[in-house]
Amino acid sequence: MHPRRLLIGGNWKMNGDLAGGVELAEAVVAAFDPLNESVDAVLFPPFPYLQAIGRVLGHSGIRLGAQDCSSEANGAFTGDVSAEMLVDLGVSQVIIGHSERRHIHKESDALTCEKLHMALESGLQVMLCVGETGEERTAGQATAVVQRQLRGALNGLKADKLASITVAYEPVWAIGTGKSATPKDAAEAHDAIRADLEHLYDRPSSAAVRILYGGSVNAANAPSLFAHLEIEGALVGGASLKSADFASILGSAATAFKGRRG
Ligand code: PGA
């Protein structure tokens, strides 16, 4: 397969303030500029800062993302944000099924699926997160859990929509813990996800899906993760809040792409 650019996402979660976010985005734009031919990037700031960060990203080539969206189109859903509202603000991608939504907010596979369909219908690209907990891994259920989440979220999705989906494999035990999956374990999980996509759809349509790794990715471990072809980028939380670290991860992704191209 022709190698494609790696995608690096910065998930800021519920961190920072407006001025700090603008400053961070400006630094990321500067770091991305010389790399824009060799890496794809998207930032996921908190909702209230989307418009301001979108202005900073401008025509830099870095896309604007949101951390979640409602499964409903509009109406009496206090506190929720619709996919259409995100589109209105210039957002092009949305995270769906992040483990913090699944576990803290008890979002089910069924709700994740509804959100995914709503996002796609609104014209957004989806960053679908899947991943097992530490307990599930210890119990030998990691592959089964990821498969259940993947199938649950993609239920009813036609093959021609796969080009709008990115999957982020994010083992819950690795998120925010400083304990990343080993590159080999991550690559194996990615292989299993790829095989499942091919089983659910067909090889050419599932080839459109990039599979990223997330969970304690940092400047130091990014190169060894990206050494595996199965790992087509990263969804970065903590390290995306530090411009130098995020810039270094972008650089590693660009280097890995050049290496893959040969
Ligand atoms: P982390 O978060 O990089 O801080 O582990 C990743 C994520 O939750 O997307």
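Residue numbers start at 1 and run along the sequence shown. Just so you know, these numbers use all the heavy atoms, side chains as well, and skip hydrogens, waters and symmetry mates.
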Among residues at least two apart in sequence or on other chains, which ones pass side-chain hydrogen bond (donor to acceptor under 3.5 Å, both in side chains) with Lys184?
Glu188
Taking side-chain hydrogen bond (donor to acceptor under 3.5 Å, both in side chains) as the test, write out the residues that go with Asn74, two or more places apart.
none
Any residue meeting salt bridge (Lys or Arg N to Asp or Glu O under 4.0 Å) with Lys258, in chain and number order, not counting sequence neighbours:
none
Given side chains that start at C-beta, do those of [X] and [Y] come closer than 4.5 Å, heavy atoms only?
{"X": "His199", "Y": "Gln147", "result": "no"}
{"X": "Ile211", "Y": "Arg194", "result": "yes"}
{"X": "Leu157", "Y": "Leu200", "result": "no"}
{"X": "Asn11", "Y": "Met127", "result": "no"}
{"X": "Pro46", "Y": "Met14", "result": "no"}
{"X": "Leu6", "Y": "Ile231", "result": "no"}
{"X": "Leu57", "Y": "Ile53", "result": "yes"}

Listing request: all salt bridge (charged side-chain N to carboxylate O under 4.0 Å, His left out) pairs with a residue in residues 142-152, at least two apart in sequence or in separate chains.
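Sorted result for residues 142-152: Asp109-Arg148, Arg151-Asp196.
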Show every salt bridge (charged side-chain N to carboxylate O under 4.0 Å, His left out) that has at least one partner inside residues 66-76, sequence neighbours left out.
Asp68-Arg101, Asp68-Lys115
Do any N or O atoms from the side chain of [X] and from the backbone of [Y] form a donor-acceptor pair under 3.5 angstrom?
{"X": "Asn15", "Y": "Trp12", "value": "yes"}
{"X": "Ser99", "Y": "Arg102", "value": "no"}
{"X": "His228", "Y": "Ala187", "value": "no"}
{"X": "His117", "Y": "Asn155", "value": "yes"}

Are [Y] and [X] linked, directly or through intermediate hydrophobic residues, by side-chain heavy-atom contacts shorter than 4.5 Å (ILVMFWY only)?
{"X": "Phe47", "Y": "Phe77", "value": "no"}
{"X": "Leu43", "Y": "Leu235", "value": "no"}
{"X": "Val39", "Y": "Ile62", "value": "yes"}
{"X": "Leu111", "Y": "Val146", "value": "no"}
{"X": "Phe226", "Y": "Val167", "value": "yes"}

Going by the side-chain hydrogen bond (donor to acceptor under 3.5 Å, both in side chains) test, which pairs reach into [range], not counting sequence neighbours?
{"range": "residues 39-60", "value": "Arg5-Asp40, Asp40-Arg210"}
{"range": "residues 126-144", "value": "Glu132-Arg137, Glu132-Tyr169, Glu132-Trp173, Thr133-Glu136"}
{"range": "residues 121-130", "value": "none"}

Would you name the heavy atoms of [X] and [Y] that are closest together and state the gap between them?
{"X": "Ala181", "Y": "Pro171", "result": "CB-CG, 4.3 Å"}
{"X": "Cys69", "Y": "Ala119", "result": "SG-CB, 4.2 Å"}
{"X": "Ala222", "Y": "Val217", "result": "CB-CG1, 4.3 Å"}

Step by step, work out the side-chain contact (heavy atoms from CB on, under 4.5 Å) result for Leu120 and Ile165.
CA-CA 9 Å; Leu120 292 176; Ile165 306 272; 4.0 Å; yes
Should we say atom NZ of Lys161 is surrounded by more than 12 heavy atoms from elsewhere, each under 6.0 Å from it?
no
For Val145, which fellow cluster members are found when Ile, Leu, Val, Met, Phe, Trp and Tyr are connected by side-chain heavy-atom distances below 4.5 angstrom, either directly or through intermediates?
none
Cut-off 3.5 Å, no hydrogens considered: what does the side-chain donor-acceptor table look like for residues 21-37, sequence neighbours left out?
none

Using residues 79-98 as the side-chain source, report each donor-acceptor pair under 3.5 Å to any protein atom, sequence neighbours left out, with the distance given to one decimal.
residue : atom : partner : partner atom : Å
Ser82   : OG   : Met85   : N            : 3.1
His98   : ND1  : Glu100  : N            : 2.9
His98   : NE2  : Glu170  : OE1          : 3.3

Just list the side-chain donor-acceptor pairs under 3.5 Å for residues 242-254, sequence neighbours left out, or say none.
residue : atom : partner : partner atom : Å
Ser252  : OG   : Ser248  : O            : 3.1

